[in-house]
Amino acid sequence: MEIVVKNTTVSLVKGDITLEQTDAIVNAANSGLAGGGGVDGAIHRAGGPQIMEACRKIGGCPTGSAVITTGGNLKARFVIHAVGPVYHDGRHGEDKLLSGAYKASLELAVKHNLKSIVFPSISTGVYGYPVKQASEIALGTVLDFIKINNALSLVRFVLFSDSDLKVYEKTLERLIQG
Ligand code: AR6
């Protein structure tokens with residue numbers, strides 16, 4: 001599914017984010033930038049040791065924020081490491097922290113004059129965020145951002161399963177109608 005809002009195309013696809021050729025891909029990192037499983041493991045495996053070296057130099061990133069490193073051997077030039085929250089019960093500021101991780105990533109992309117960025121579904125794997133709620137935050141944050149910032153030409157979400165893709169598609173349809 002693809003829509004255009006002002007200058008920016010928003011696209012939702014199923015796939016493997018490590019294969020994306022955009023200016024930046026976003027990693028669902030932890031606050032130690034220490035690597036791990038899931039999409040984080042896949043990005044470090046595909047991108048090679050330069051990415052971890054850059055992460056070590058930076059040292060860490062607070063939950064709800066993001067940092068940028070080289071893309072190493074990836075086709076993407078940069079990796080933006082965004083740290084989403086662990087989901088407890090929704091009453092620990094999870095929404096705000098998740099939105100912050102997306103917003104900080106978008107701001108970093110603009111700051112570095114990037115035109116295209118691809119997100120995974122941050123926090124909805126190991127960190128346990130319910131996908132429907134997470135899709136509302138993720139897409140809502142992106143739509144709010146691109147309505148007032150014209151710098152990005154493409155924001156894509158690469159979902160890892162058909163069911164996640166469907167949830168994101170339904171949410172996007174609802175958000176653009178409302
Ligand atoms: N491409 C796209 N999406 C993927 C890929 C891939 N190659 N691999 C997994 N996903 P997770 P989190 C999806 O657990 O919940 C790590 O250990 C996955 O199916 O990667 O934010 C970090 O180091 C899910 O939909 O991230 C942290 O410690 C989504 O990516 C912690 O996990 C996010 O799942 C972060 O947990």
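First listed ligand is number 1; within each ligand, the first listed atom is number 1.
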Report task. In plain terms, say whether D23 and K115 are close enough for a salt bridge, that is, a side-chain N and a carboxylate O under 4.0 Å apart. Result -> no
**Report entry** Closest protein heavy atom to atom 27 (C) of ligand 1, given as residue, atom name and distance to 0.1 Å
**Finding:** Y127 OH, 3.6 Å
Query raised in the report: If we ignore angles and hydrogens, is there a donor and acceptor under 3.5 Å between the side chains of D95 and Y129?
Result: yes
**Report entry** Identity and separation of the nearest protein heavy atom to atom 21 (O) of ligand 1
**Finding:** S123 N, 2.8 Å
Query - Note: R156-E2 ion pair, threshold 4.0 Å (strictly below) - result: no
Query - Any N or O of S121 closer than 3.5 Å to N or O of ligand 1 - result: no
Query raised in the report: Between T18 and ligand 1, does any nitrogen or oxygen pair lie at a separation below 3.5 Å?
Result: no
Report summary line: Atoms of ligand 1 under 4.0 Å from any heavy atom of G35, numbered from 1 in the order shown, are 23 (O)
Query raised in the report: Which atoms of ligand 1 have any heavy atom of D40 under 4.0 Å away?
Result: 22 (C), 23 (O)
Query raised in the report: For ligand 1, which atoms have a heavy atom of D16 less than 4.0 angstrom away?
Result: 1 (N), 6 (C), 7 (N)
Report task. Pull out every atom of ligand 1 sitting under 4.0 Å from any heavy atom of A28, numbered as shown with elements. Result -> 21 (O), 22 (C), 26 (O), 35 (C)
Report task. Answer yes or no: does an N/O atom from V39 fall short of 3.5 Å to an N/O atom of ligand 1? Result -> yes
Requested in this report: Would you check the N or O atoms of G37, main chain and side chain alike, for any that come under 3.5 Å of an N or O of ligand 1?
Outcome: yes
Query raised in the report: Would G41 count as a contact of ligand 1 if the rule is a heavy atom under 4.0 Å away?
Result: no
Query raised in the report: Going by the atom numbers of ligand 1, which of them fall below 4.0 Å from some non-hydrogen atom of G36?
Result: 17 (O), 23 (O)
Requested in this report: Please round to the nearest 0.5 Å and tell me the distance separating atom CG of L159 and atom CG of D164.
Outcome: 5.5 Å
**Report entry** Within-cut-off N or O pair, F160 and ligand 1, under 3.5 Å
**Finding:** no
**Report entry** Enumerated ligand 1 atoms positioned under 4.0 Å from heavy atoms of T124
**Finding:** 15 (O), 24 (C), 25 (O)
Requested in this report: Taking only heavy atoms of D164 into account, list the atoms of ligand 1 that are under 4.0 Å away from them.
Outcome: 25 (O)
**Report entry** I43 side chain reached by V39 side chain, heavy atoms, under 4.5 Å
**Finding:** yes
Report task. Find the distance between NZ (K14) and CG (L165) and round it off to the nearest 0.5 Å. Result -> 8.5 Å
Query raised in the report: Below 4.0 angstrom, N of the basic side chain to O of the carboxylate: do K103 and E107 qualify?
Result: yes
Query raised in the report: So which protein heavy atom does atom 14 (O) of ligand 1 come closest to, and at what separation?
Result: V126 N, 2.8 Å
Query raised in the report: Are the side chains of L139 and Y168 in touch, meaning some heavy atoms are under 4.5 Å apart?
Result: yes
Query - Ligand-residue contact atoms, ligand 1 with N30, heavy atoms, under 4.0 Å - result: 22 (C), 23 (O), 27 (C), 28 (O)
Report summary line: heavy-atom search around atom 1 (N) of ligand 1 in the protein gives I17 N, 2.9 Å
Query - Note, Y127 side chain near Y87 side chain (heavy atom, < 4.5 Å) - result: no
Query raised in the report: For ligand 1, is any non-hydrogen atom under 4.0 Å from L159's backbone (N, CA, C, O), its side chain (CB onward), both, or neither?
Result: neither
Report task. Please examine the side chains of I176 and I3, heavy atoms only from C-beta on, and report whether any two atoms are closer than 4.5 Å. Result -> yes
**Report entry** Rounded distance (nearest 0.5 Å) linking atom CD of Q177 with atom CD of E173
**Finding:** 6.5 Å
